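Everything on this sheet refers to the single structure shown next.
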Amino acid sequence: MDGVIQSLPPWMRPFSTHIDFVGQQKAERIFQVILVVHGIIGFIAGFVTQQLSVSMYTIGFGFLLSCLIVLPPWPFFRRHPLNWQPNQTDETSTSQQAKPKENKKRR
Amino acid sequence: MHSIWSRANTIFAFTLSVLSAVTFCCFLSTIWLPNTAPVTISASNPRLKSMVDYASDGSKSDVVMLSLNIQADVSSVFNWNVKQLFIYLVAEYSTMKNHLNQVVLWDKIILRNEKTVIIEESIPPKYYYIDDGNNLLSHKNVTLVLKWNVIPNAGYLAMAQGEGQFVVQMPDNYISGRF
């Protein structure tokens with residue numbers, strides 16, 4: 001998506017969709033909780049009304065709610081940006097640093 | 001989870017897993033429910049003819065015409081895991097040729113949220129009652145039973161039988177002419 005964004009006109013480029021690693025953790029926990037809770041509510045509601053369609057609609061609503069909260073890169077997902085080292089110039093050989101340790105909390 | 005596509009993919013896959021878990025729990029919540037119901041069946045005026053059975057080997061077979069009465073209320077069989085019921089009336093009997101004969105005389109499909117009371121009075125069989133051979137003359141023990149397939153939303157196809165049956169006694173001679 002970020003590659004597609006670079007090819008857009010400049011006034012549209014600020015819409016990147018990345019979120020930082022802590023945000024990714026939060027996002028994953030949020031949608032898991034939302035979907036499981038809606039699954040449980042859907043089962044109970046379907047059992048009470050004796051209609052399977054009620055369960056399906058409840059899970060569908062949970063899906064849309066999760067999409068709304070997790071898909072767009074809201075600011076609270078970007079509270080912990082990576083602390084990149086400042087740019088080093090290439091002429092001083094002693095100041096060649098290794099890449100800063102990234103917090104590898106990939107899924 | 002770094003891009004919108006990655007997050008959308010994860011959410012969608014997890015939604016499908018939740019759906020399958022809820023569907024499985026729906027199946028578990030209904031497997032031990034009873035799916036029988038009381039039925040009242042009667043039949044009258046059985047008439048026998050001997051006709052050539054063209055669908056079989058071309059020899060003569062017994063053909064029965066009779067008047068059926070079926071009354072049943074299957075609403076207690078429906079639950080949230082039942083999509084429809086396929087109900088059929090079977091004539092069961094044993095002859096010297098076959099240990100068990102089962103001939104379907106009438107059937108009906110009832111979907112969920114349709115009328116679940118069956119009242120059929122003095123109807124002829126929906127399908128021809130043709131015996132496999134000539135063994136229905138004077139047969140005193142032809143049992144009519146009402147059975148149904150419970151077709152679920154999730155799970156296996158269950159078969160059940162209605163509580164109640166009727167024994168038809170076949171006449172001792174053939175009739176000639178039309179039924």
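No hydrogens, no waters, no symmetry mates; every other heavy atom, side chains included, goes into these values. This one's a predicted model, so the numbers in the text were calculated from it and none came from an experiment. Reminder, nothing fancy here: chain letters follow the sequence lines and each chain counts from 1.
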Name the region of A:Phe47, side chain, backbone, both or neither, that has any atom closer than 4.5 Å to a heavy atom of chain B. both
Should the ring pair B:Tyr156 and B:Phe27 be called parallel, tilted or perpendicular, given that the plane angle runs from 0 to 90° and is split at 30 and 60? perpendicular
Any side-chain donor-acceptor pair under 3.5 Å between B:Asp172 and B:Ser138? yes
Heavy-atom distance under 4.5 Å between the side chains of B:Thr15 and A:Phe31, does that happen here? no
Minimum heavy-atom separation for A:Ala27 and A:Ile19, please, with both atom names. CB-CD1, 4.2 Å
At a heavy-atom separation under 4.5 Å, does B:Thr23 approach chain A through its side chain, its backbone, both, or neither? side chain
Any donor-acceptor pair under 3.5 Å linking the side-chain atoms of B:Asp132 with those of B:Asn101? no
Those residues of residues 74-92 of chain B that come under 4.5 Å of chain A on a heavy-atom basis, listed by number, are B:Asn79, B:Trp80
Given A:Leu52, A:Leu71, A:Ile59, the one with more heavy-atom pairs under 4.5 angstrom with chain B than any other is A:Leu71
Per-residue tally against chain B (heavy atom, under 4.5 Å) across A:His38, A:Gln50, A:Gln32 peaks at A:Gln50
Compare all side-chain heavy atoms of B:Met170 with those of B:Val64 and state whether any distance is below 4.5 angstrom. yes
If you define the side chain from C-beta out and look only at heavy atoms, does anything of B:Tyr93 sit under 4.5 Å from B:Leu136? yes
Looking at B:Asn153, B:Leu19, B:Asn113, B:Thr30, which one has more heavy-atom pairs under 4.5 Å with chain A than the rest? B:Leu19
Check whether any side-chain N or O of A:Lys26 sits under 3.5 Å from a backbone N or O of A:Phe76 as a donor-acceptor pair, and report yes or no. yes
Are the side chain of A:Trp74 and the backbone of A:Ile69 linked by a donor-acceptor contact shorter than 3.5 Å? yes
Using heavy-atom distances under 4.5 Å, tell me whether A:Ser55 contacts chain B through its side chain, its backbone, both, or neither. side chain
